[in-house]
Number of protein chains: 2
Amino acid sequence: MTASPAPHLPGAVLRPVRGHHAFEACVEQLATAIRLGVYPLGSTLPPERELATMLHVSRATLREAMAALREAGLVQTTRGRGGGTVVTLKPRTPPARAAARISAARRGDWLDALEFRRIVEPGAAYLAASATLDQEHLGQLERAHAEVAAATKTAQHRQADSRFHLTIASLSGSPRTVEAVTSVQATLHEMLLAIPVLGTNIAHSDRQHAALVRAIESGNAERARKTMEQHCDDTAALLRGLVG
Amino acid sequence: MTASPAPHLPGAVLRPVRGHHAFEACVEQLATAIRLGVYPLGSTLPPERELATMLHVSRATLREAMAALREAGLVQTTRGRGGGTVVTLKPRTPPARAAARISAARRGDWLDALEFRRIVEPGAAYLAASATLDQEHLGQLERAHAEVAAATKTAQHRQADSRFHLTIASLSGSPRTVEAVTSVQATLHEMLLAIPVLGTNIAHSDRQHAALVRAIESGNAERARKTMEQHCDDTAALLRGLVG
DNA sequence: GAAAAATGGTATGAACTCAGACCATTGCTT
DNA sequence: AAGCAATGGTCTGAGTTCATACCATTTTTC
């Protein structure tokens, strides 16, 4: 008798200590940031030394990642003062949707992301509405909203939408919340790329966005959360059918 | 003009690609699992080869971590068939609370964890109540609840409480949710160790636990969430005062 | 009692990552 | 035109981590 052995938790609690090699992780983070529109088309990434510091990675490793991005056509690099790495982002439509016969594990992760999203994004909206926002924050929010409302092409709209949601998360002032929303948005983005593009009801979505902005600006936390919940539910309903 | 340069998001979105060396991460995960009571006193950890696989780490690296745990007095190891590594856990009260003059960064992370917790744990409760639970799940939940209600000594109670919350998370069936709750509970645990132990109002806490179990078993998701929110708020109120 | 099985203990060479220094190119300032 | 500054490009040696064997000890099985 080795005393009460562990119950059911170990399998759930212990998780891989790190997904992959450092440079792969860099590629993933940067590519995600670019695809989500954190660095829009034509913008310049921070200098290598700075990025390396941000990611807690040696410059050598970061450079390997940059080389990969360059080879993938996401960025271009020029030397010398005023040079740097700019985003070119050939949107790289899903590398052959045909090949994307979605594995069961991936599908499971997607569905999980939808569930988790319906927890964290409403939570982020709640926090954002609870926070006291200065002019700069309000400006960020309204700008993000204006961009998503103005976007016409789907790819643009997708990026602007990601940026909008990430902006709300960043207004929450909670790093863990930002991280969770980033992860969820990345997966969402992946799903939308792999799934036969559905004509997202943009008008409907924009009405919800507008309501969100109003709720957050007026500090109505409860309402911001409800609105975001509805927004997540609407998106999820569309996607679940096509994935499940 | 390098096109719309990135706004405010990069700083929030890009995060360290991996905190530390692999073996440190192993130590942290295992120590956390032990302290949270996933592996209770006297229980045997899985064989090294198995743990290494779970954590996606080479056995060599895992063994370094085990050596550290052994040296720290958390576990003991015996060889041969039927041997293995058992939890001895000299509870190691906070390695000198005096030395724990808490850095500002740490304090910030703690407060962030409290905010994030109030998002994810209620969400986990909501999902758990929404899920259809079979006999085994119900048994896990009731056992976890019984243990936390029966615990007398504070250290025991703390572990049982962690297990209770992790069990609810695991009932949600959402890996991302489990991960989030695990992270939050680990930080909470750290806080409680470093803070002059307050006589948590155990009776009050247990009433809330009981209400949670009822709500989850009856499938009342909305109510489970509200109850958990209240529970988190009550805990947070106590802690914020002592940390802020 | 002998063989098998399960477990921890040890060793080796390849690959990855790091930190730091230095080089090369380009634009800005004087 | 000369020098400075900012940026990417290259090199090197040390430290980690990995994968894969193989060894040693104990219990179980026959």
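Lettering of chains follows the sequences in order, A, B, ..., and the numbering in each one begins at 1.
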[N] [atom2] sits how many Å from [X] [atom1], rounded?
| X | N | atom1 | atom2 | value |
| --- | --- | --- | --- | --- |
| A:L45 | D:dT7 | CG | C1' | 13 Å |
| B:E24 | D:dT16 | CD | C1' | 11 Å |
| A:F23 | C:dC18 | CZ | P | 12 Å |
| A:E64 | D:dG9 | CD | P | 13 Å |
| A:R63 | C:dG20 | CZ | P | 18 Å |
| B:E50 | C:dA5 | CD | P | 18 Å |
| A:E48 | C:dG20 | CD | P | 17 Å |
| A:L62 | D:dT10 | CG | P | 15 Å |

Exercise for the section: Heavy atoms only: give me the nearest B:V27-B:A68 pair and the separation to one decimal. Expected result: CG2-CB, 3.9 Å
Handout entry: Steps toward side chain to side chain contact (heavy atoms under 4.5 Å, CB included) verdict (B:L51, B:L30)
Key = CA-CA 10 Å; B:L51 268 182; B:L30 290 171; 4.2 Å; yes
Exercise for the section: Indicate whether the side chain of A:S183 and that of B:R176 have a donor and an acceptor atom separated by less than 3.5 Å. Expected result: yes
Exercise for the section: For the residue pair A:T167 and A:Q140, confirm or rule out a side-chain donor-acceptor distance under 3.5 Å. Expected result: no
Problem - Qualifying residue, where the test is ring pair (Phe, Tyr, Trp, His ring centres under 6.0 Å) with A:H165 and the options are A:H145, A:H189, A:H209 - result: A:H209
Problem - Carboxylate-amine/guanidinium contact B:R158 B:D161, below 4.0 Å - result: yes
Completion exercise
Going 5' to 3' through nucleotides 19-30 of chain D and flagging B where a protein heavy-atom sits under 4.0 Å of the base, S where only the sugar-phosphate is that close, and - otherwise, we get S-----BBBS--
Exercise for the section: Respond yes when some side-chain nitrogen or oxygen of B:T61 is under 4.0 Å from OP1 or OP2 of D:dT17, and no when none is. Expected result: no
